[in-house]
Structure formats: C-alpha cells, structure tokens
Q: 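Dropping the structure in here first, questions after.
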Amino acid sequence: MNIMFAVPCYWPSQDGVTQITKYLAEGLAQRGHEVLVYTSTGNGGLQVLPEKESYGGVTIERTRVDVRWPMYLKGRDENSTREKYYDRICSFAPDVLVVVCAQTWTLDWVVPYLNRIKCVKVFYSHGYSRFGQTHLIVDKLRHRNILGAYEEWRVKKYYERLHHVVSKFDLAVYLSKLNSSYLYAQENRLSNGKVLENAIEDAFVTEDMCHTEEFFKRDRIQYLYVANYNDNKNQDMLLKAFCEAEIENAVLQFAGFEENDYLAMLRKHVSMWLSPHSDKKVIFNVHLSREEIYKLYKESDVFVCTSRSENCPIVHCEAAAAGMAVISTDVGDVRLKDGIILVEDVVQLKEAMERLYADRDELYERGARLRAYMLGRKCRVQDKVDWLESELDKLCHNATRSM
C-alpha cells in the first residue's frame, strides 16, 4: 500500500503525537509499504528543517504553516498552502490517507476536498483539547475580552460541525474510551470509530530497563518528568513541591524539547525556592536524543506528571512498563492504570513524594503493579502496527470490491 500520514508535528520533535505517528509510520514502512509523512516545521524553533528528507524508512516532506487555531492557519510561503497540500495528496495517490489531529491544518485544510479524495481515509485523533468549554464565552465577555469571546465562539462553532467532517472518514481512530474525541463521537452517534491505545517502545519492556527491588533500596532518589516546557504541563507545580519536600539526597530531572520563556521562569524559581546549600538538585534537560531519554527512565525511581490536561499521555505508559512508581494529576486515562498515586495540588504532591521517599517497599510495589498492568495488555509497537495494518488492509479490500 501507498500510505500518506498528514500530521502537524513529526521527528525530530519528541511530543506524544510525534512518537505515536513515528512508530506507526516506520512500522508500516518496515513491512514494505511506501510511507509518506506530510508534516510541518511548527511554530517554534524547527524552521531550519529541510523541506524533504528520509528517516526510518519514511519519506518526510514539510510545509511551513503558522498555526493560531481557531483564528487562522496561514502558510509561510507559496508552497505551504491548502491547495498545495491537496495537490500533494493527488500526486502521491495514496491507497490510504491518514489525517492526524483536529484543531490544526492537517484536518482543517483537507475538509473542502474530502469528497474528491477517493482513497481510504482515516482520521487519527489525539483528543479535542478545547471541546466543551463554551462557558468561556461568557467568562470572556464578563471581563470585556471581546476578541477572546469571539475566539471561544469560533471554537464552539468548530465542534458543532466537526462530527459531520469525521463521518466522512472510513475509519476514526481514538486513543481510549475516556478520550475526549471518543466521547464526542459517542455523543454525536458516529459509528466509524475504533480504539487503538498507545504503544510502548520495546526498550521499555526489556529486563534491562525494568526497575528491581534492589534498585529502589538506594539512599539516593530521583524524580523524573518528561514533557515539553509549558504552562499546561505545569512543571512549576512539581518544582515547588520538590523544593518544599522534606527529602534528602534527591534529584529532580526535567526533560523538555527546547529552551523557552517557561523554562527561563523555572530556572528563576529554582534560585528562589531551593537553598544553594541543599543536597537536593534540579536538572533541566533540552534537546535530548531518544537514547538519552531511555537512560533517564532507567536511572529514575519515580515518574511525576503535573499536567493540567491530557488525553492519553504516553509517558505514564513508558514509566509504568519500566516498573517505575508514578505520581500524577488526574488527567486523561491515567486513573485506569493500577498503582498510580493521583494528586490535585502542591500539598498532596509533596506528601506523595515524601511518602515514596520514606517507604521504598511501597515504591517497589507500585512500580511492579504498574509493570504487570502494562505487560498484561498488548502494548508493544508491533501489536499496534499489526492492528493498524490489518484495519487498512480490510478497508482497501472493501474499497476495491465496491468499485
């Protein structure tokens, strides 16, 4: 099959959308399918990336789109337009077009052409981050923020129409039954959806990665948070809890993609909240390779997530598969994973960090429960590629029969 993925972000980005699309695209390419990933350079510091290259057996082509959703999606040059996007679909002539994510150019730009695109069409959702926030229109008006209210009205109108768009796809893929996009589909009686949960890279399920009881007996303890530096990921909450926690010989490792203003704020807060004489240490990492990320998981005891909102975060699955204990805010489908400690605020987070520091038996027991939970499911990359390849084969076969 010729398979085209249209995705707003891709390698070398390290976010969840990238990681999931990457293992599926490369997995299909390794099985002999021709795979094109049509993506963008993003709004941030990736503008220097080449327009075309190959990586992992996949052809990558990049457009340059300025995204300020829902207000505008704007190409940065004459080759980065809605029309050029459609032209590339036509010239590649895919057997399958996989459109990844709503609320961005990948879906919104293709909507006018959906009826003309005759190949199998798959919508791969990672959730609707601004669905169900219509109360914000009134909030913005109350504060005389007319532009903000107009933006929220645009969001409301978008979701009023979105189910008609999704219904035009042969298959809609959702990350879990708790995912906002899955719940939206149920609410609007869409019947073309199936659930494909996130996969764990093989590196996380090896015995070499697995955290043993002996590992947790060390005097030193290391906490880890892997997430891009921004207000939604809320690293500031974790930093404050760590600085206030009554623990010794402890390290907090952050791993984000790049330097930005939010990270600058975190650095400033370290100097304010942590005594220079403390035996606690905070390390901010940027631009790490995937191998370096693996190493951080392997060397850390507790994974901590303080995100304000998520759909189906993959980092919790990675930490769980490695046998780490996990502390997290109640986001996405996290509550379904057996063994995670859920927290709501800095006080609860500080108490949870102190508790696992003091009780290494509980630290090991929670990690072991989480690893058993993950390994009891079909959670490997190969399992997910098997599923998707089978679904695409059936859809292509049915499409051929109906011609």
Side-chain angles (χ1 to χ4, degrees), residues 1-67 73-101 104-110 117 119 121-122 124 126 198-199 201-203 226 228 255-260 285-294 314 381-382 384-385 388-389 392:
M1 290 182 284
N2 287 359
I3 304 169
M4 179 175 176
F5 285 84
V7 61
C9 49
Y10 197 69
W11 175 88
S13 292
Q14 295 287 341
D15 57 277
V17 172
T18 291
Q19 293 303 317
I20 293 166
T21 307
K22 183 173 179 292
Y23 67 63
L24 291 173
E26 291 183 356
L28 290 168
Q30 289 166 8
R31 299 183 182 197
H33 304 290
E34 183 176 350
V35 179
L36 168 65
V37 170
Y38 193 80
T39 186
S40 68
T41 55
N43 289 350
L46 300 179
Q47 300 301 322
V48 297
L49 291 173
E51 291 184 2
K52 183 175 181 178
E53 64 179 319
S54 295
Y55 186 84
V58 173
T59 299
I60 305 168
E61 295 182 8
R62 297 184 178 92
T63 187
R64 302 181 187 279
V65 185
D66 187 15
V67 179
L73 305 171
K74 183 172 62 179
R76 294 175 180 270
D77 56 54
E78 62 182 9
N79 292 318
S80 304
T81 65
R82 182 176 65 182
E83 293 75 21
K84 292 291 185 182
Y85 176 25
Y86 175 63
D87 288 346
R88 189 63 186 107
I89 295 171
C90 294
S91 62
F92 184 67
D95 299 299
V96 180
L97 172 65
V98 183
V99 176
V100 184
C101 291
T104 190
W105 64 270
T106 45
L107 178 66
D108 295 2
W109 272 4
V110 83
I117 298 171
C119 68
K121 297 182 286 289
V122 177
Y124 203 119
H126 285 255
N198 290 340
E201 294 170 86
D202 288 344
V226 178
N228 291 331
F257 182 65
E258 61 187 351
E259 296 276 351
N260 56 26
N285 299 282
V286 294
H287 294 301
L288 296 183
S289 67
R290 197 60 185 158
E291 288 68 29
E292 289 170 318
I293 295 289
Y294 298 153
I314 195 169
V381 168
Q382 178 178 329
K384 308 307 179 183
V385 177
L388 184 58
E389 184 181 41
L392 299 185

Q: Quick one: are V122 and V99 in side-chain contact, heavy atoms under 4.5 Å?
A: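 When only atoms from C-beta onward are counted, V99 and V122 do not touch, as no gap falls below 4.5 Å.
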Q: Let me confirm one number: the CG-CG distance from L73 to L107, rounded to the nearest 0.5 Å.
A: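 It comes to 10.0 Å.
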Q: Just say parallel, tilted or perpendicular for the rings of Y85 and Y38, cut-offs at 30° and 60°.
A: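 Taking Y38 first and then Y85, their aromatic rings lie parallel (interplane angle under 30°).
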Q: Strictly distance-based, threshold 3.5 Å: is any side-chain N or O of T106 a donor or acceptor partner for the main-chain N or O of V100?
A: yes
Q: Do T59 and F92 come close enough that some side-chain heavy atom pair is under 4.5 Å?
A: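 They are not in contact (no side-chain heavy atoms under 4.5 Å apart), so the answer is no.
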Q: Do L36 and R88 come close enough that some side-chain heavy atom pair is under 4.5 Å?
A: yes
Q: From E61 CD over to M4 CE, what is the distance, rounded to the nearest 0.5 angstrom?
A: 7.5 Å
Q: Could you state the interatomic distance from CD (E292) to NE2 (H287), rounded to the nearest 0.5 Å?
A: 11.5 Å
Q: Kindly compute the distance separating CD1 (I293) from CG (N285), expressed to the nearest 0.5 Å.
A: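 Reported to 0.5 Å precision, the distance equals 7.5 Å.
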Q: Is E53 salt-bridged to R62, going by a charged N under 4.0 Å from an acidic O?
A: yes
Q: Any side-chain heavy-atom pair from I89 and V110 closer than 4.5 angstrom?
A: yes
Q: H126 versus I20: any side-chain heavy-atom pair under 4.5 Å?
A: yes
Q: To the nearest 0.5 angstrom, please state how far the OG atom of S91 sits from the OH atom of Y86.
A: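 S91 OG to Y86 OH: 11.0 Å, rounded to 0.5 Å.
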Q: Between T63 and N79, is the side chain to side chain contact (heavy atoms under 4.5 Å, CB included) condition met? List the steps.
A: CA-CA 7 Å; T63 187; N79 292 318; over 6 Å; no
Q: Check whether any side-chain heavy atom of W11 sits under 4.5 Å from a side-chain heavy atom of V58, and report yes or no.
A: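 Side-chain contact under 4.5 Å: no.
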Q: When rounded to the nearest 0.5 angstrom, what is the spacing between CD in E258 and CG in N228?
A: 7.5 Å
Q: Taking side chain as C-beta onward, heavy atoms only, is V67 less than 4.5 Å from P8?
A: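 Side chain of V67 against side chain of P8, heavy atoms only: no contact under 4.5 Å found.
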Q: Judged by atom type as modelled, is there a donor-acceptor pair below 3.5 Å linking the side chain of H33 to the main-chain atoms of M1?
A: yes
Q: So do F5 and T39 actually touch side chain to side chain, heavy atoms under 4.5 Å?
A: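 No, every pair of side-chain atoms sits at 4.5 Å or beyond.
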Q: Please check this pair: side chain of N2 against backbone of D95, looking for a donor-acceptor N/O pair closer than 3.5 Å.
A: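 No, N2 side chain to D95 backbone: no donor-acceptor pair under 3.5 Å.
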